Amino acid sequence: MTSPVWHPFTQHGLQEPIPLVERGEGAFLYTADGRRIIDAISSWWVTTHGHAHPRIMAAIREQTEKLDQVIFAGWTHEPAETLALGLRAIMPDALTRVFFSDSGSTSVEVALKMALGYWMARDEARDRIIVMEHSYHGDTIGTMSVGERGVFNRAYEPLLFDVTRVPFPAAGCEQATFDALEAACDSRAAAFIVEPLVLGAGGMMMYPPEVLAGMRAICAKAGVLFIADEVMTGWGRTGTLLACEQAGVVPDILCLSKGLTGGAMPLAVTMASEPVFEAHYSTDRSKMFFHSSSYTANPIACAAAVANLAIWHDEPVMERVTALAAAQQRHLDRLAATHDIRNVRRCGTIAAFDCAGGEGYLSDFAPRLLARFREAGVLLRPLGDTVYVMPPYCIDTPTLDEVWSVIADAIA
Ligand SMILES: *Cc1c(COP(=O)(O)O)cnc(C)c1O
């Protein structure tokens, strides 16, 4: 019988092979038909330290002996408490509150709801969200609304709410972004949501820390809440724990997910500043924050995240990140010298370039490349014409060399 599974972002009509993965270890995945695949995109940007990190796996096993799940409205548990304190210790001081959810999308939905709740509590009619062109914040109705519109969400357009867009700060055009943001920060503006330094799904588009700092300053001056969606950029990807750090930026609201559990379990947090929390703080039940999902702060996922924090504390994660970033740059330079590639760019461990000859997101260019990579035993998933490499930090030199040599062969 054919599989009844309906896969995400998959056109089943094309009958492309869907490998069955049995096991993961470090930078490798192992398929049922005995192949070893290099996971060069960290399983869609979640796996930071490598697959099945022993400490995270042990923490999950231990937690399953104690508590699987408990309602989080009005109840709490040790893994969530420990994790929240751990996050407070390493995240910016001003982010005093930790709200749990279970995916990047929900962490963004929560951030948007917190922002609207903040203004409602202050009796100010601010309900407009400002966003950046080409952004991606998730696939739920709310997060699609604040993301780039296109073929991905055309059918759902009637459900999406209206936002104000500022242009992407392309090199040389930063002032246009600042001007548009300043104009957008009017008396109706509630919040600006942005992916710091790297727009991931938008095509690994990068902009420098000074621009992030400039945008933050404009919002601060206008009193508009600044939401940093670090779902992809967080946990070392851009060379620092948070991308915001490089700009000296502290957001009012911060979204974290993907690397929060090292990529092992679904979990997210939305961290908020004290004023955002205080706006919901009252003896009046009608002013509480109205959001929950069944698995909010699932204890097993929280235990995995506590283990992730311990790894960041005990292992030389930042050294790995720095070494990987340098190696990525060497590979980019070498490829650019020998192949016809464009817009070569890197931010921390994320390396990207555009292929000459690609023709947009839905052309068969990316799927053809993807198939070549898959045959060569490397998991890469180009975004339209953009090829990027974003491996787990544990990847060793020969394995990374293999990834780039497969890329060089495929695009030749
Ligand atoms: C992946 C991503 C999301 C959505 O996270 P999910 O866990 O897939 O819901 C949101 N924002 C950014 C920047 C992302 O990269």
Side-chain angles (χ1 to χ4, degrees), residues 7-11 39-48 103-109 111-112 129-157 160 163 165-170 192-207 212 227-238 242-244 254-260 263 266 268 343 345-355 358-363 365-367 369-370 373 379-391:
H7 287 267
F9 274 83
T10 299
Q11 179 45 275
D39 187 353
I41 59 162
S42 300
S43 278
W44 247 353
W45 321 344
V46 299
T47 309
T48 45
S103 74
S105 298
T106 49
S107 76
V108 171
E109 297 275 359
L112 298 174
I129 307 294
I130 310 168
V131 310
M132 184 182 280
E133 253 181 0
H134 303 298
S135 294
Y136 177 81
H137 298 290
D139 280 336
T140 56
I141 299 295
T143 58
M144 278 192 297
S145 298
V146 296
E148 182 72 0
R149 307 290 167 92
V151 65
F152 327 98
N153 41 44
R154 193 162 300 144
Y156 328 118
E157 231 9 282
L160 307 187
V163 296
R165 284 165 208 285
V166 301
F168 175 80
F192 175 50
I193 180 164
V194 73
E195 296 168 82
L197 303 189
V198 186
L199 276 58
M204 298 299 155
M205 300 173 77
M206 302 176 186
Y207 61 90
L212 184 62
I227 304 172
D229 176 356
E230 295 238 21
V231 169
M232 187 279 278
T233 52
W235 304 105
R237 282 291 169 206
T238 67
L242 293 181
C244 279
L254 170 70
C255 304
L256 294 172
S257 183
K258 293 184 170 126
L260 172 59
N343 300 326
R345 53 201 187 271
R346 184 184 62 81
C347 184
T349 67
I350 308 166
F353 62 88
D354 299 344
C355 286
E359 314 94 21
Y361 192 89
L362 289 186
S363 78
F365 178 79
L369 263 187
L370 187 147
F373 294 145
L379 170 50
L380 283 165
R381 198 178 159 100
L383 291 155
D385 314 340
T386 300
V387 175
Y388 69 91
V389 182
M390 199 196 289

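This chain uses plain numbering: 1 for the first residue, then up along the sequence. Heavy atoms only: backbone and side chains are in, while hydrogens, waters and symmetry mates are out. Computed from a predicted model, the values in this text were never measured in an experiment.
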Supply the atom-to-atom distance [X] [atom1] to [Y] [atom2], rounded to the nearest 0.5 angstrom.
X	Y	atom1	atom2	result
Tyr388	Arg381	OH	CZ	8.0 Å
Phe192	Met132	CZ	CE	4.5 Å
Glu195	Phe168	CD	CZ	10.0 Å
Trp44	Leu379	CH2	CG	10.0 Å
Cys255	Ile193	SG	CD1	5.5 Å
Leu199	Met204	CG	CE	9.5 Å

Just by distance, do the side chain of [X] and the backbone of [Y] share a donor-acceptor pair under 3.5 Å?
X	Y	value
Ser103	Thr106	yes
Ser42	Met390	yes
Ser145	Thr143	no

- Mind checking whether Phe152 and Phe9 have parallel, tilted or perpendicular rings, split at 30° and 60°? tilted
Taking every non-hydrogen atom, the tightest pair across [X] and [Y]:
X	Y	result
Pro382	Phe373	CG-CE1, 3.9 Å
Glu230	Thr233	OE1-OG1, 2.8 Å
Ala111	Ile227	CB-CG2, 3.8 Å
Ser257	Trp235	O-NE1, 4.3 Å
Cys347	Thr238	SG-CB, 3.7 Å
Met206	Arg346	SD-C, 3.4 Å

- Message: My understanding is that only one of Asp229, Val194, Val163 makes a side-chain contact (heavy atoms from CB on, under 4.5 Å) with Val146; could you say which?
- Response: Val163
Does the side chain of [X] reach to within under 4.5 Å of the side chain of [Y], using non-hydrogen atoms?
X	Y	value
Leu369	Leu380	no
His137	Leu112	no
Arg237	Lys258	no

- side-chain contact (heavy atoms from CB on, under 4.5 Å) between Val389 and Ile41, intermediate numbers included: CA-CA 6 Å; Val389 182; Ile41 59 162; over 6 Å; no
- Query: side-chain contact (heavy atoms from CB on, under 4.5 Å) between Leu383 and Met205: does it pass, once the steps are laid out?
  - Reply: CA-CA 11 Å; Leu383 291 155; Met205 300 173 77; over 6 Å; no
